[in-house]
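All values below were derived from every heavy atom in this structure, side-chain atoms included, with hydrogens, water molecules and symmetry-related copies excluded.
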Amino acid sequence: MSTNPMVKCTVDQCTHYMPGEQCMAAKISIYNDETKGESQSAADTQCKAFHHRKTAGDIVGAFHNSNIGGMVSAAFLEGTQVTPVVECFVNNCSHWNTGNVCHASQIEVNGSNASKSLDTDCETFEER
């Protein structure tokens, strides 16, 4: 049985970003860089759940992929962290597993001041 990895996120311009470097998305998807089609470093990966936060309308538009139960739990249960489901399509990562499952215990998604998915990276990527 697989459990979701804890997600540390610094993508502060994403509608799913929460203070405390948390992600409030219900599900995130990690992909290879579309132009290269494969990843050889963390810079070649991207979080496709990224949704640029520019207006209040962007936040409303991203609501369909929000982990409401996790956000409520995190607000009232000390030590609880919002943890999205993580699917990964970077099949040459040492943490990738059959079924596009990430079996790392924790991942870190970076992309301070990102304006598009390409500006985000899965720093946990390790080429196998």
Side-chain angles (χ1 to χ4, degrees):
M1 183 173 151
S2 174
T3 60
N4 292 325
M6 297 297 286
V7 177
K8 177 181 177 184
C9 180
T10 64
V11 186
D12 57 353
Q13 296 301 308
C14 179
T15 54
H16 303 298
Y17 175 80
M18 286 182 57
E21 299 183 336
Q22 295 188 59
C23 175
M24 67 174 197
K27 180 168 86 175
I28 66 172
S29 302
I30 306 297
Y31 278 76
N32 291 305
D33 181 319
E34 292 173 357
T35 56
K36 294 180 179 177
E38 63 180 17
S39 296
Q40 295 176 328
S41 70
D44 297 332
T45 64
Q46 59 183 294
C47 178
K48 289 296 244 180
F50 175 80
H51 191 262
H52 197 192
R53 177 175 34 98
K54 294 180 280 188
T55 66
D58 294 324
I59 294 170
V60 173
F63 203 68
H64 70 282
N65 187 23
S66 295
N67 183 351
I68 304 300
M71 289 187 300
V72 171
S73 296
F76 296 105
L77 300 173
E78 189 173 322
T80 301
Q81 182 174 4
V82 180
T83 304
V85 170
V86 177
E87 67 179 354
C88 178
F89 297 92
V90 184
N91 61 5
N92 68 329
C93 177
S94 63
H95 302 291
W96 180 88
N97 207 349
T98 304
N100 299 321
V101 174
C102 175
H103 66 83
S105 61
Q106 178 176 330
I107 69 167
E108 182 172 337
V109 179
N110 287 340
S112 185
N113 295 317
S115 62
K116 54 191 177 298
S117 293
L118 278 172
D119 299 334
T120 64
D121 303 321
C122 179
E123 293 295 330
T124 311
F125 172 80
E126 292 177 5
E127 189 173 15
R128 103 169 78 172

Report the residue from Asn100, Thr98, Asn92 that forms a side chain to side chain donor-acceptor pair (under 3.5 Å) with Trp96. Asn100

Main chain of Asn32, side chain of Gln46: is a donor-acceptor contact present, judged purely on distance under 3.5 Å? yes

Close side-chain approach of Pro84 and Asn67, heavy atoms under 4.5 Å: no

Main chain of Arg128, side chain of Ser94: is a donor-acceptor contact present, judged purely on distance under 3.5 Å? no

Looking at every heavy atom in both Ser39 and Phe125, which two are closest together, and how far apart are they? O-CZ, 3.5 Å

Closest non-hydrogen atom pair, Cys47 against Thr120: N-OG1, 2.8 Å

Polar side-chain atom of Ser29 near backbone of Glu87 as donor-acceptor pair, under 3.5 Å: no

Can Val101 and Cys88 be said to form a side chain to side chain contact (heavy atoms under 4.5 Å, CB included), step by step? CA-CA 6 Å; Val101 174; Cys88 178; over 6 Å; no

Where is the tightest heavy-atom contact between Asn110 and Val11, given as atom of each residue plus distance? C-CG2, 3.7 Å

Nearest 0.5 Å, what's the OG-CZ distance between Ser115 and Phe50? 6.5 Å

Measure the spacing between NE2 of His95 and CD of Glu126 and express it to the nearest 0.5 Å. 3.5 Å

List the atom of Val86, the atom of Pro5, and the distance in Å for their closest heavy-atom pair. CG2-CG, 3.8 Å

Please report the interatomic distance SG(Cys122) to CD1(Ile28), rounded to the nearest 0.5 Å. 7.5 Å

For the NE2 atom of His51 and the OG atom of Ser66, what is their distance to the nearest 0.5 Å? 10.5 Å

Got His52 and Gln13 here, is their nearest side-chain heavy-atom distance under 4.5 Å? yes

Working to the nearest 0.5 Å, report the span between SG of Cys102 and CG of Asn97. 9.5 Å

Between Cys23 and Val109, is a side chain to side chain contact (heavy atoms under 4.5 Å, CB included) present by the stated rule, with each step listed? CA-CA 9 Å; Cys23 175; Val109 179; over 6 Å; no

Side-chain contact, heavy-atom cut-off 4.5 Å: Lys27 with Asn65? yes

Listing request: all salt bridge (Lys or Arg N to Asp or Glu O under 4.0 Å) pairs with a residue in residues 47-61, at least two apart in sequence or in separate chains. Glu34-Lys48

Rounded distance (nearest 0.5 Å) linking atom CE of Met6 with atom CD of Gln22: 7.5 Å

For a quick test of reading the model, state the closest non-hydrogen atom pair linking Ala49 to His16 and the distance between them. O-CD2, 3.3 Å

Work out which heavy atom in Gly111 is nearest to a heavy atom in Thr10; give both atom names and the distance. N-OG1, 3.6 Å

